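This report refers to the structure that appears directly beneath it.
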Amino acid sequence: MILPLLHIYHAIPSNWRTPLSGALFADGSLRVGIPGVVRDVPEIGHYEHPLGTARVQEFLELVTRQRVWELEGLKRLRPDEPIVGFWAGEGESKRTKTWPMSDIPPEVTVVLSAFHRLVDEARASPVRVLAGAARLPETTCFGRTRLNLEFTLRNAGREPIAFTNPMAPFGAMVPLRLLIARPSARPGGSPFAQQRFDVPTACISCPDRPDPRAAGRPGELLELAPGQSLRFAADPALYLSPASYLTALALDLTPGPDASPQALKGVLTMEMQTLQVVPAPA
C-alpha cells in the first residue's frame with residue numbers, strides 16, 4: 001500500500017458522521033473523498049487528480065510555512081465534535097494535529113483555503129462518483145397531500161459503483177428524507193427552521209426496473225456502470241400550512257454491516273423547485 005505524504009480531513013455540514021478527506025502522494029496525485037454535498041454540487045464519491053509533483057511539493061511547503069505541526073492542537077476529542085485534522089507519516093514518525101471547527105487557527109485556515117481550491121479542481125477527475133438530481137413534477141399542492149417527487153442517481157465516474165438500495169429495508173434507519181423550509185421574508189436572509197419528513201421505503205419505486213415496487217433484501221446494493229443511471233419516484237404523505245417552501249431530498253447511503261467495502265458511503269442532498277402550498281377548496 002502506498003502511503004500519502006499528507007492526509008487532511010475536514011468536517012462538513014452535509015454529513016456530520018464522515019469528513020471530507022484528501023491525500024497527497026509522491027507521484028503528484030491528489031485523492032479526494034467527498035461524503036456529502038460540497039458547494040452545491042450534488043455528488044458524492046472519490047476523485048483522483050494529477051496535480052504533478054511540483055504542486056504537491058508546493059502545498060507541503062505551504063503547510064511548513066504556516067507552522068501547522070508546531071501549533072497547539074486538540075488534546076481531547078468530544079463525541080461527534082466537528083474537527084479538522086492533518087496527519088503525515090507512519091509509526092514512530094507519524095505526526096497528527098487536530099482542531100475543533102469552532103476554533104481553527106488562522107494559520108490552518110490559510111492551508112484549508114488552498115486545500116479546498118484543490119478539491120474543486122479534483123472534481124474534474126471523478127473515479128467512483130454518484131451524482132443526483134431531483135424534481136417535483138407538480139410544484140403546487142394542497143396542505144394535506146401525497147407529494148409526488150422524482151430523483152435520478154447516475155454514475156458520474158469512470159469506474160463501476162455500488163450503493164445501498166434506497167428501496168430496501170434499513171431496519172430503524174430511514175435513508176430518504178424530504179427537507180422543507182420557508183424562505184426568509186428579508187432579501188438574502190436565511191430560510192426559516194427546516195422541517196424533515198421521513199420518506200418510508202414503501203413509498204419509493206424505481207420505474208427503470210422490471211418490478212418498480214420490488215423492495216429488495218435488507219442492505220441490498222445497486223450497481224451502476226459509468227454513465228448509467230436509475231430513476232426513482234416517491235409519494236410521501238405530509239401536511240403543510242399554505243405558503244411557499246424551499247425543498248430538497250437527502251439520501252443517506254449508509255451500507256449495512258454486511259455490505260461490500262466498495263459500497264459508496266455518504267449523504268447526497270438534491271435541491272428541488274420551490275413548492276407552493278395552497279388552501280384546500282371550501
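On a predicted model such as this, the values are computed, not experimentally measured, just so you know.
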> salt bridge (Lys or Arg N to Asp or Glu O under 4.0 Å) between D252 and R17: does it pass, once the steps are laid out?
Replying inline: CA-CA 11 Å; D252 192 341; R17 291 189 306 269; 2.8 Å; yes
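- Judged purely by atom type and a 3.5 angstrom limit, N155 has no side-chain atom pairing as donor or acceptor with the backbone of G227.
- A26 is linked by a side-chain contact (heavy atoms from CB on, under 4.5 Å) to L5, counting only residues two or more places apart in sequence or in another chain.
- Using bins of under 30°, 30° to 60° and over 60° for the plane-to-plane angle, the ring pair W87/H7 lands in the parallel bin.
- Between S244 and P183, the shortest heavy-atom contact is O-CD, 3.3 Å.
- Closest approach of A168 and T201 over heavy atoms only: O-CG2, 3.6 Å.
- Every pair passing salt bridge (charged side-chain N to carboxylate O under 4.0 Å, His left out) that includes a residue from residues 32-54 is listed here, sequence neighbours excluded: R31-E48, R39-D120, E43-R123.
- Residues M270 and L136 fall within the same hydrophobic cluster, defined by Ile, Leu, Val, Met, Phe, Trp and Tyr side chains chained together at heavy-atom separations under 4.5 Å.
- Applying the salt bridge (Lys or Arg N to Asp or Glu O under 4.0 Å) criterion to R128, with sequence neighbours excluded, gives no partner residue.
- Remark: the Q273 side chain and the T139 side chain contain no N/O donor-acceptor pair separated by less than 3.5 Å.
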With a 3.5 Å cut-off and sequence neighbours excluded, list the donor-acceptor pairs that the side chains of residues 232-242 form with protein atoms.
none

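- Applying the ring pair (Phe, Tyr, Trp, His ring centres under 6.0 Å) rule to pairs touching residues 10-65 yields H10-H116, sequence neighbours excluded.
- The heavy-atom pair separating R55 from L51 by the smallest distance is CD-O, 3.4 Å.
- Here V278 sits in one hydrophobic cluster together with F142; the rule is ILVMFWY side chains under 4.5 Å apart, joined directly or through other members.
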